[in-house]
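Quick notes on the structure that follows.
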Amino acid sequence: MRPIAGIVLAAGESRRMGTPKALLPIGGETFLGRAIRLAREAGLGPLRIVVSRALHAVAEAHPELVPLLVANPHPEQGQLASLRLGLAALPPQVDGAVVHLVDHPLVSAETVRALVRARRAAEAAIVVPVHRGRRGHPVLFGREVFQELQACPVELGARAVVARRPQRVLEVEVNDGGIHADVDSPADYATMMGDA
């Protein structure tokens with residue numbers, strides 16, 4: 001059985017937050033530390049973390065993760081550019097990759113396991129979690145769409161690949177509101193931490 005990789009996208013410029021979201025504390029760990037723990041608990045591997053201007057700060061806070069870091073010199077190009085770098089850093093034997101956004105720290109490991117199970121059972125090219133009728137993150141991309149993701153115009157984003165052929169997208173119902181809980185601003189963070 002070929003492995004399912006994990007890619008954590010953490011190259012956003014965090015303009016509204018004012019500090020790297022990857023290093024925000026939550027429950028005795030950082031957003032990034034939690035994302036990596038979650039990926040490992042769900043059995044993902046190999047793992048890659050795409051970072052940008054916060055690379056040195058991340059390396060200092062998490063020296064154990066330095067071998068997993070992939071630098072994005074052009075974060076202004078958006079998430080798809082980061083995803084492409086993460087995909088390019090994976091070995092050829094992986095069957096797919098779960099793409100986790102670092103600013104979604106409340107996702108459960110069981111949700112990730114559900115995506116992997118669905119990929120194994122149905123061989124779906126793209127697997128997305130759904131909670132209360134709404135899609136969220138992370139998303140599992142099978143190897144068969146890696147080339148499409150590499151070729152898609154960066155301004156369109158990965159959503160264009162997801163939308164291109166709806167019949168190859170498998171929705172998996174999960175009991176996890178964390179798939180919608182993203183942190184973009186200090187107010188979002190305060191709300192998430194129960195301080196608002």
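Residue V50 comes nearest to S82 through the heavy atom pair CG2-O, 3.5 Å, listed as atom of the first residue, atom of the second, then distance. Across all their heavy atoms, P153 and L80 have their closest contact at O-CD2, 3.7 Å. Annotation for V70 and A89: closest pair CG2-CB, 3.8 Å, computed over non-hydrogen atoms. Across G45 and P3, no two heavy atoms sit closer than the pair O-CB, 3.2 Å. Closest approach of L85 and A71 over heavy atoms only: CD1-O, 3.8 Å. Residues F141 and A158 share a closest heavy-atom pair of CZ-CB, 4.2 Å.
For the atom pair H100 NE2 and L47 CG, the distance stands at 11.5 Å (nearest 0.5 Å). Atom NE2 of H62 is separated from atom CG of L32 by 5.0 Å, given to the nearest 0.5 angstrom. Distance check: I4 CD1 to R117 CZ gives 13.0 Å after rounding to the nearest 0.5 Å. Between atom CG of residue D103 and atom OG of residue S185 there is a gap of 10.5 Å, rounded to the nearest 0.5 Å.
Aromatic ring pairs are classed by plane angle as parallel below 30°, tilted from 30° to 60° and perpendicular above 60°; the pair H131 and H180 is tilted.
By the 4.0 Å N-to-carboxylate-O rule, R168 lies close enough to E148 to be salt-bridged with it. Ionic pairing of R143 and D95 is not present here: no N-O contact between side-chain nitrogen and carboxylate oxygen is shorter than 4.0 angstrom.
Both M193 and L38 are part of a single hydrophobic cluster, where members link through side-chain heavy atoms under 4.5 Å apart. Cluster membership check: I179 shares its hydrophobic cluster with L170, using side-chain heavy-atom separations under 4.5 Å among Ile, Leu, Val, Met, Phe, Trp and Tyr. When the side chains of ILVMFWY residues are joined at heavy-atom separations under 4.5 Å, either directly or via intervening members, L101 and L90 end up in a single hydrophobic cluster. Using a 4.5 Å cut-off between side-chain heavy atoms of Ile, Leu, Val, Met, Phe, Trp and Tyr, with links allowed through other members, L140 and V128 fall into different hydrophobic clusters. Note: the hydrophobic cluster containing L44 does not contain V99 (ILVMFWY, side chain heavy atoms under 4.5 Å, direct or indirect links).
Between L9 and V102 there is no side-chain heavy-atom pair separated by less than 4.5 Å. Taking the side chain as every heavy atom from C-beta outward, I7 and V98 never approach each other to under 4.5 Å. With a 4.5 Å cut-off on side-chain heavy atoms, V139 and V127 do not count as touching. P129 places none of its side-chain heavy atoms less than 4.5 Å from the side chain of H137. Annotation: side chain of L106 is in contact with side chain of M192 (closest heavy-atom distance under 4.5 Å). Here the side chains of L115 and R119 are not in contact, with every heavy-atom distance at 4.5 Å or above.
Here the side chain of R48 pairs no donor or acceptor atom with the backbone of V8 at under 3.5 angstrom. Listed for the T30 side chain is no donor-acceptor partner under 3.5 Å among the backbone atoms of P25. With hydrogens and angles ignored, the 3.5 Å screen pairs no side-chain donor or acceptor of T111 with any backbone N or O of V107. Distance alone, capped at 3.5 Å, places no donor-acceptor pair between the K21 side chain and the F31 backbone. No side-chain donor-acceptor contact under 3.5 Å links D182 to the backbone of H104.
For R164, the CZ atom counts as densely surrounded, since its 6.0 Å shell holds more than 12 non-hydrogen atoms of other residues, nucleotides or ligands. Heavy-atom neighbours of Q77 CD from other residues, nucleotides or ligands within 6.0 Å: above the threshold of 12. Counting heavy atoms of neighbouring residues, nucleotides and ligands inside a 6.0 Å radius, atom CD of E171 exceeds 12 of them.
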Could you go through E41 and R34, starting from their C-alpha distance and side-chain angles, then the distance that decides it, and tell me whether this counts as salt bridge (Lys or Arg N to Asp or Glu O under 4.0 Å)?
CA-CA 10 Å; E41 286 177 1; R34 177 169 285 205; over 6 Å; no
Before you tell me yes or no, could you show the steps for L149 and L83 under side chain to side chain contact (heavy atoms under 4.5 Å, CB included), namely the whole-Å CA-CA distance, both residues' side-chain angles and the distance that decides it to 0.1 Å?
CA-CA 8 Å; L149 290 164; L83 175 53; 4.2 Å; yes
Could you walk me through whether V162 and R135 pass the side chain to side chain contact (heavy atoms under 4.5 Å, CB included) test, one step at a time?
CA-CA 12 Å; V162 175; R135 290 180 176 182; 3.8 Å; yes
Apply side chain to side chain donor-acceptor pair (under 3.5 Å) to residues N72 and S52 and explain how you reach the verdict.
CA-CA 5 Å; N72 178 357; S52 183; 5.5 Å; no
Begin from the C-alpha positions of E64 and R37 and carry the test salt bridge (Lys or Arg N to Asp or Glu O under 4.0 Å) through to its verdict.
CA-CA 12 Å; E64 75 284 4; R37 176 174 60 78; over 6 Å; no
Any chance you could lay out the side chain to side chain contact (heavy atoms under 4.5 Å, CB included) test for L69 and V58, step after step, and finish with the verdict?
CA-CA 9 Å; L69 298 180; V58 168; 4.0 Å; yes
